[in-house]
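Read through the structure below, which is laid out as structure tokens, and then see the notes.
Residue numbers begin at 1 in each chain, while the letters A, B, ... track the order of the sequences. Everything quoted here is computed from the prediction, not taken from an experiment. Every heavy atom of this structure was used, including side-chain atoms; hydrogens, water molecules and symmetry mates were not.
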Protein chains: 2
Amino acid sequence: MENKETFVKKLRSSGLRPTKQRLEICKVLYERDKTFHFTIEELSKILKKKSKKSISLATIYNTVHAFKNKNYLKEISINSNKSYFDTNVSNHHHFFNESTHELIDLKDTDVGVIKIKKKIPGKKIKSVEVLVKISS
Amino acid sequence: MENKETFVKKLRSSGLRPTKQRLEICKVLYERDKTFHFTIEELSKILKKKSKKSISLATIYNTVHAFKNKNYLKEISINSNKSYFDTNVSNHHHFFNESTHELIDLKDTDVGVIKIKKKIPGKKIKSVEVLVKISS
DNA sequence: ACTTACATTATAATGATTCTAAAGTAGTGT
DNA sequence: ACACTACTTTAGAATCATTATAATGTAAGT
Ligand SMILES: [Mn+2]
Ligand SMILES: [Mn+2]
Ligand SMILES: [Zn+2]
Ligand SMILES: [Zn+2]
């Protein structure tokens with residue numbers, strides 16, 4: 001999808017130094033065709049396999065949070081002891097497979113328009129997201 | 001709303017002994033007009049104020065989980081380090097106030113029908129819930 | 001009253017996440 | 001190339017919500 005130079009530019013343009021750890025993580029996160037949903041633990045396992053020199057867990061946490069703050073990642077609301085992250089940072093809906101704990105993106109057209117008729121005085125709507133729980 | 005005898009019957013009928021701790025917790029949870037959304041920490045604080053003899057934190061956790069298993073409470077998907085619980089156990093939608101971390105129920109009529117057009121082969125839809133994040 | 005399965009409790013353990021502070025590195029300027 | 005400095009990585013400790021342990025207490029049937 002994207003090459004190393006693109007990652008380097010994006011990182012620099014957001015004030016993040018393109019370190020080799022961050023670039024490794026970018027490759028895992030963004031060199032794919034589809035949206036990637038993951039927990040820190042899963043990301044950590046993937047990085048262990050891919051890289052010769054391991055990246056410390058603290059750095060994985062730091063990087064994921066830095067990317068989240070720069071809006072390159074999004075945190076997803078799932079009841080779990082672990083946080084889920086998503087490379088699709090747009091407002092969008094999900095299937096959540098309760099058997100496998102896997103998240104799957106829904107397109108807006110898969111759900112249709114959602115009209116929130118109730119208003120809370122003085123409050124603005126920041127996002128409207130649907131979570132569809134599924135299981136076998 | 002409900003009196004002590006009702007709680008006693010409900011607990012007995014689900015195979016839970018109506019202990020004084022559980023009845024205290026029932027009062028806090030169910031003797032109210034509106035749906036109650038809470039974290040364990042909040043429930044614990046309320047119980048500290050209300051009761052003379054304090055209920056141990058372990059019991060509060062045990063009871064909340066027992067009630068959840070018996071479908072007297074429901075756990076809510078919010079990204080947070082803490083779990084949220086809800087006395088409204090039906091499938092329903094929420095506002096989440098990002099400033100105050102407060103949950104507010106939406107009626108089905110406040111949202112309208114949500115049609116999920118995508119299907120996952122071999123999977124059944126267990127629930128469809130909308131989370132509307134709001135802030136000032 | 002006796003019995004026993006279920007509950008409560010203090011406390012320890014767990015596990016995800018965050019913090020600390022020391023060592024390493026990227027980018028800037030000379 | 002070298003020095004400087006701010007940013008980054010890292011191992012390990014700390015934190016904090018939650019769960020487990022195991023001893024003590026209690027509800028309810030006999
Ligand atoms: Mn978080
Ligand atoms: Mn839970
Ligand atoms: Zn997604
Ligand atoms: Zn609710």
Side-chain angles (χ1 to χ4, degrees), chain A residues 4-5 7-28 37-48 51-70 72-73 75-85 101, chain B residues 4-5 7-28 37-48 51-70 72-73 75-85 101:
Chain A
K4 184 179 159 177
E5 260 322 297
F7 293 139
V8 170
K9 274 178 199 157
K10 273 200 180 159
L11 289 172
R12 283 224 182 84
S13 76
S14 359
L16 296 173
R17 288 184 182 169
T19 63
K20 90 182 157 309
Q21 291 88 343
R22 284 174 177 162
L23 290 169
E24 278 296 306
I25 292 173
C26 279
K27 278 199 266 183
V28 172
H37 300 95
F38 63 95
T39 62
I40 297 284
E41 191 190 9
E42 288 160 359
L43 176 57
S44 174
K45 275 184 192 155
I46 295 172
L47 286 165
K48 267 202 189 68
S51 311
K52 39 237 105 210
K53 283 151 208 154
S54 79
I55 300 178
S56 83
L57 192 55
T59 296
I60 300 174
Y61 273 100
N62 289 344
T63 301
V64 166
H65 281 118
F67 285 9
K68 181 189 165 190
N69 290 336
K70 296 298 182 183
Y72 297 148
L73 284 176
E75 204 167 354
I76 300 294
S77 294
I78 295 289
N79 240 355
S80 161
N81 47 335
K82 300 180 188 181
S83 276
Y84 280 75
F85 295 90
H101 286 193
Chain B
K4 185 179 158 176
E5 258 323 296
F7 294 139
V8 171
K9 275 178 198 155
K10 272 200 182 159
L11 289 172
R12 282 225 182 83
S13 76
S14 0
L16 297 173
R17 289 182 181 169
T19 63
K20 90 182 158 307
Q21 291 86 345
R22 283 174 178 164
L23 290 170
E24 278 296 307
I25 292 173
C26 279
K27 279 200 266 182
V28 171
H37 301 94
F38 63 94
T39 62
I40 297 284
E41 191 190 8
E42 287 160 359
L43 176 57
S44 174
K45 276 184 191 156
I46 296 172
L47 286 164
K48 270 203 187 67
S51 311
K52 40 236 105 212
K53 281 152 209 153
S54 80
I55 300 178
S56 84
L57 192 56
T59 297
I60 300 174
Y61 273 100
N62 289 343
T63 301
V64 165
H65 281 118
F67 285 9
K68 180 189 166 190
N69 291 336
K70 295 299 180 181
Y72 297 148
L73 284 176
E75 204 167 354
I76 300 294
S77 293
I78 295 291
N79 242 352
S80 161
N81 46 334
K82 301 180 187 181
S83 276
Y84 280 75
F85 295 90
H101 285 195

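Using a 4.0 Å cut-off, some side-chain N or O of A/H65 falls inside it from OP1 or OP2 of C/dT18. The shortest distance between the side-chain N/O atoms of B/S56 and the OP1/OP2 oxygens of C/dT8 is not below 4.0 Å. Taking 4.0 angstrom as the limit, B/T63 places none of its side-chain polar atoms (N or O) nearer than this to OP1 or OP2 of C/dA7. Look at A/Y61 and you won't find any side-chain N or O under 4.0 angstrom from OP1 or OP2 of C/dT18. At the phosphate of C/dG27, OP1 or OP2 sits under 4.0 Å from a side-chain N or O atom of A/R12.
One atom, CZ of B/F38, and another, P of D/dT18, lie 11 Å apart when rounded to the nearest Å. Per the geometry, CZ belonging to B/F85 stands 14 Å off P belonging to D/dA17, to the nearest Å. Rounded to whole angstrom, the span from the NZ atom of B/K53 across to the C1' atom of D/dG25 amounts to 14 Å.
Residue A/N62 places its side chain closer to D/dT9 than to any other of C/dT9, D/dT18, D/dT9. The side chain of B/N81 sits closest to D/dA17 out of C/dT17, D/dT9, D/dA17.
Against DNA chain C, the stretch residues 16-26 of chain B makes heavy-atom approaches under 4.0 Å through B/L16, B/R17, B/T19, B/Q21, B/R22.
Among residues at least two apart or in separate chains, side-chain hydrogen bond (donor to acceptor under 3.5 Å, both in side chains) pairs with a member in residues 14-23 of chain A are A/S14-A/Y72.
Judged as a side chain to side chain donor-acceptor pair (under 3.5 Å), and not counting sequence neighbours, B/Y84 has no contacts.
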